[in-house]
Peer 1: 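Here it is, the structure in full.
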Amino acid sequence: MEFGGSLSHVESRIFKYLIKKRKIKQTENLKEQSYRDHSEPQELYQSLEQNSDRLRAIYANCSDVIFHAFTIGENKKALLMYIEGLSDSKGIEDFVLTPILRERIGESSEDLQSVKHKLLVPQLKDFNTFLKCIEYLSNGYSILLLDNETQGVAIGLTRWEKRTIEEPSAESGIRGPREGFTETIRTNTSQLRRIIKSPHLKMESMIIGEYTQTNVVIAYIEGIADMALVEKVKNRLQSIEIDGILESGYIEEMIHDFPFSPFPQLLSTERPDVTCGNLLEGRFAILTEGTPFVLIAPITFAALMQSQEDYYQGFMISSFIRWLRYTFSGISLFLPSLYVAILTFHQEMLPGSLLLSMASAREVVPFPALVEALMMEISFEALREAGVRLPKQIGSAVSIVGALVIGQAAVQAGLISTPMVIVVALGGISSLMIPRYPVGISVRMLRFPMMILAGMFGLLGIMMGFIGIVLHLCHIHSFGVPYVSSLATTEGRQLRDVLFKAPLWMMDTRPTLTGGNNHIRQAPNQKPEAGREDEG
Amino acid sequence: MLEKGKISSFQLAVVMYPTVLATGFLVLPSISAQYAKNDFWMTGLFALFSGFISVCLAVKLHQLYPKQNLAEYSEQILGKTLGKILVIWFSVHFLNSAGLITRQYAEFVSGNFLFKTPILVIISSIVLLAAFAVHGGAEMIARSAMILTPIFILPICFLVLLIPDLDIKNIFPVLSHGISPVIKGSIGPQAWATQLFIMSFFLPCLKDPQKGKKWAFVSLGAIVFSMVFINFIILLLLGPDSGNKTYPVLTAFRYISFADFFENLEALLLAMWVAGNFIKIAVFYYVTTLSIGLCLNLTDYRPIVFPVGLLIIALSLWGIPNFITLGQHARTVAPIDILLNMLVIPIILLVVTGFRRATKQLKP
């Protein structure tokens, strides 16, 4: 054991060294291509000419960057630069150029401070390095540089075209707020801030992506969230070295714990109310510039089966709908494989009359049940995927092909049986009952191995597959919180939000999560009763 | 300590229930019915007695040596050499039991669902699944048990649907042959109940050790209740014929016919039962791996999980040539084997500890 232990130790050290070396090399490659040329000085020069030359060199062949050189007063040279489309050019004219240039000769306002005082813009930021200058410029600030100054001013006159706040299309509901996140991170943070006004809502931002320089914000509520967890997430985010972040999915794949799991370990949502609900339960949210999808973690499997409307409706209705959802999630996973297993191995389980009608329907079908089921399930998945991607104009074509050709015509041609169509349709619809799309799609994917197991071992195979899935779910965790923690819990009160949805006045505590979060949600004994005020 | 995971007492109870009953339901009713005839429903009550003793033993030894499991305190109690021998003994015992349990499960499956599937396939598939659970440690076994045990219990609840078919007269004459056949028939249930002693491997990783005893007794109560319930249903349904059935519970399931629709459900119900068997195999597999790991003074038991799995597969095939021998083994050898290892040896351990402590106090 001693020997084996030391050997594996050495091996792992060599392995780690190799990985580290490779990583350093790759990072160097990444940096070489960037504009962060370390041979050139980082600080701004004294002379405007040198600054201007350097910046023009950096932004060579960038037709969207506007350089505007002008003179203040008699001989003070100045340079204004901005990116067209990101800065408000009307505002620049009205609030920057007009006040500065309406200068009477003789008035001495030739240093930066006095120029700054004249600007009619509240958001002014000083900088003295090229790096900062580029950062401000790419974020839509206008840059004002003066001759004989080693400092520049970034003027916060940003305005770019953005989508207005709309109802989230992938997560609609009947009751609840109608607004969803947009692609602009500041709009998104403002939506959160409008709901949670307490200063305890913290939003720490960082830049990820060598080229995209994407703004990423971690939001959490101080005093509720587990700070150790927040630190852990920040470290993981900071360790990402990538050329660009186009969507929060990039971040999700870079930071989750179990990359080889079909189940999502971070919840993605485009609803501010869902995000705030989770923040209030002690979770944290990661907002990414350029996408309306916000990531939430740590999550549990049970939380993925909950919808925001569960909390807006009465508890009886919510509990009923929740059970409906659980049942149909089960149906979505098991129904096709049960069909295969029963028709292949356990025909006796069907009542006589049903068996007869099934047998007569399947009489003409030339394939075994497994092949039939796989064929139909795959074509259903193809239809679904085609439906997501297709241009709107030909949408009706796909539905005609789907309904008529694959449904009716295939049955009439004797390729598949009618019960199979029902099974596929029911399974397909029930997978959409799962309120979180990524979970629905993992369940749909897991149907295929389940069907094959059912075709091989019958009901026993289904049970084996189920045990396998349970084991996997018991194995994975999301940021230290076991995935099944609220399901396989030993605290009865945690089941209040899982087995059914308890009335709001009963849910006095938050979910346990890592244990480091604040547990008390509200004052106890708030059950409303008729005539309570009269007694008091 | 090899295990770093933490489980709660309630989870322990949930793990222990199928650990005792998974194979218990398969073999016990028929074994005890062969001896005790129409009084075999009482045999479950005797199991309460021996189960109580083994829970007390496990808890007492745990109190004397907290944070240590059976294999660890054996060395403390008996000294280096004898302790080591005992640990090896236990490893072999658990390995053998795991093999037998797997075989029992496989025979049951191949005799009732998959007549043509090679038994090796059935055995290796469940052992592979169990290997993943064991690899995850006590925490993972406990968590998966929280989800799988309810599925295991559900078919038992379906037996209530048999109430219209029951005949209460089957219970008479009570104790017509005196108490001794009942005691003979209760050896099996007693042995199975003493398997609760396995929890001594889980007690050191409890989050709330003060509740361990309480939940162990709750588990024992549930086990005895289920045994008596099942035996009652079988007796009232099958009457004096119970002893002749290989799997009386399966026969009982076949009787279920409700609303012209819930009939012939035994395949579904028994598939659910596989969940319980899985936990039992995983627990024995885990205990085996842990004891062998301690035997070899390993710092981590995970590297030997898969090799031990291969041993379990091998042992499940080697000792038992056919189903008849397996049945005979379950009737004659297994009760003695289990009682010796799970009851007698722990009693010896406790007595030696008491003796050692007494002499220590006398010395100064």
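Here the structure is a predicted model, which means the values were calculated and not measured. Sequence lines set the chain letters: A, B, ... in the order given, protein chains first and strands last, and positions in each chain run from 1.
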Peer 1: Can A:Met463 and B:Ile151 be said to form a side chain to side chain contact (heavy atoms under 4.5 Å, CB included), step by step?
Peer 2: CA-CA 10 Å; A:Met463 198 63 214; B:Ile151 296 175; 4.0 Å; yes
Peer 1: Between B:Ile122, B:Ile126, B:Leu128, which is the residue that forms a side chain to side chain contact (heavy atoms under 4.5 Å, CB included) with A:Met464?
Peer 2: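 Going through B:Ile122, B:Ile126, B:Leu128 one by one, the side chain to side chain contact (heavy atoms under 4.5 Å, CB included) with A:Met464 is satisfied by B:Ile126 alone.
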Peer 1: Hey, could you give me the CG/OG distance between A:Leu453 and B:Ser125, rounded to the nearest 0.5 Å?
Peer 2: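 Output value for this atom pair is 9.5 Å.
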Peer 1: Measuring from atom CD1 of B:Ile147 to atom SG of A:Cys474, what distance do you get when rounded to the nearest 0.5 angstrom?
Peer 2: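 B:Ile147 atom CD1 to A:Cys474 atom SG measures 4.5 Å (nearest 0.5 Å).
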Peer 1: Would you mind checking which part of B:Leu129 comes under 4.5 Å of any heavy atom in chain A, side chain (CB onward), backbone (N, CA, C, O), both or neither?
Peer 2: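 It is both, since atoms from each part get that close.
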Peer 1: Looking at NE2 of A:His475 and CD of B:Glu139, how far apart are the two atoms once the value is rounded to the nearest 0.5 Å?
Peer 2: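 Taking NE2 in A:His475 and CD in B:Glu139, the distance rounds to 11.5 Å.
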Peer 1: Side chain from CB out, backbone as N, CA, C, O: work out which of these in A:Phe457 comes under 4.5 Å of a heavy atom of chain B, or both, or neither.
Peer 2: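 A:Phe457 touches chain B through backbone and side-chain heavy atoms alike.
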Peer 1: Going by heavy atoms in the side chains, are A:Met456 and B:Thr117 under 4.5 Å from each other?
Peer 2: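 They are not in side-chain contact.
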Peer 1: Pick one of side chain, backbone, both or neither for B:Val121, based on which atoms fall under 4.5 Å of a heavy atom in chain A.
Peer 2: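 The side chain, not the backbone.
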Peer 1: Looking at side-chain heavy atoms only, is the closest gap between A:Leu471 and B:Phe278 below 4.5 Å?
Peer 2: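 A side-chain contact exists here, since the closest heavy-atom pair is under 4.5 Å.
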Peer 1: Would you find more than 12 non-hydrogen atoms of other residues, nucleotides or ligands less than 6.0 Å from B:Tyr247 atom OH?
Peer 2: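 Enclosed.
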Peer 1: Can you confirm whether B:Lys84 is buried at NZ, in the sense that more than 12 heavy atoms of other residues, nucleotides or ligands lie under 6.0 Å from that atom?
Peer 2: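 Yes, enclosed.
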Peer 1: With a cut-off of 6.0 Å (strictly less than), are more than 12 heavy atoms of other residues, nucleotides or ligands near CZ of A:Phe320?
Peer 2: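 Result for CZ/A:Phe320: open.
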Peer 1: Is the count of non-hydrogen atoms from other residues, nucleotides or ligands lying under 6.0 Å from B:Phe132 atom CZ greater than 12?
Peer 2: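 No, because the 6.0 Å sphere around CZ of B:Phe132 holds 12 heavy atoms or fewer from other groups.
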Peer 1: Is the NZ atom of B:Lys211 crowded by more than 12 outside heavy atoms at less than 6.0 Å?
Peer 2: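 Open.
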Peer 1: Is it true that atom CD of A:Glu363 has more than 12 heavy atoms of other residues, nucleotides or ligands lying nearer than 6.0 Å?
Peer 2: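 Not buried by this count: 12 neighbours or fewer within 6.0 Å.
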Peer 1: Can you see which heavy atom on B:Ala275 is nearest to which on A:Ile467, and at what distance?
Peer 2: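 Answer, listing the atom of B:Ala275 first, then A:Ile467: CA-CD1, 4.1 Å.
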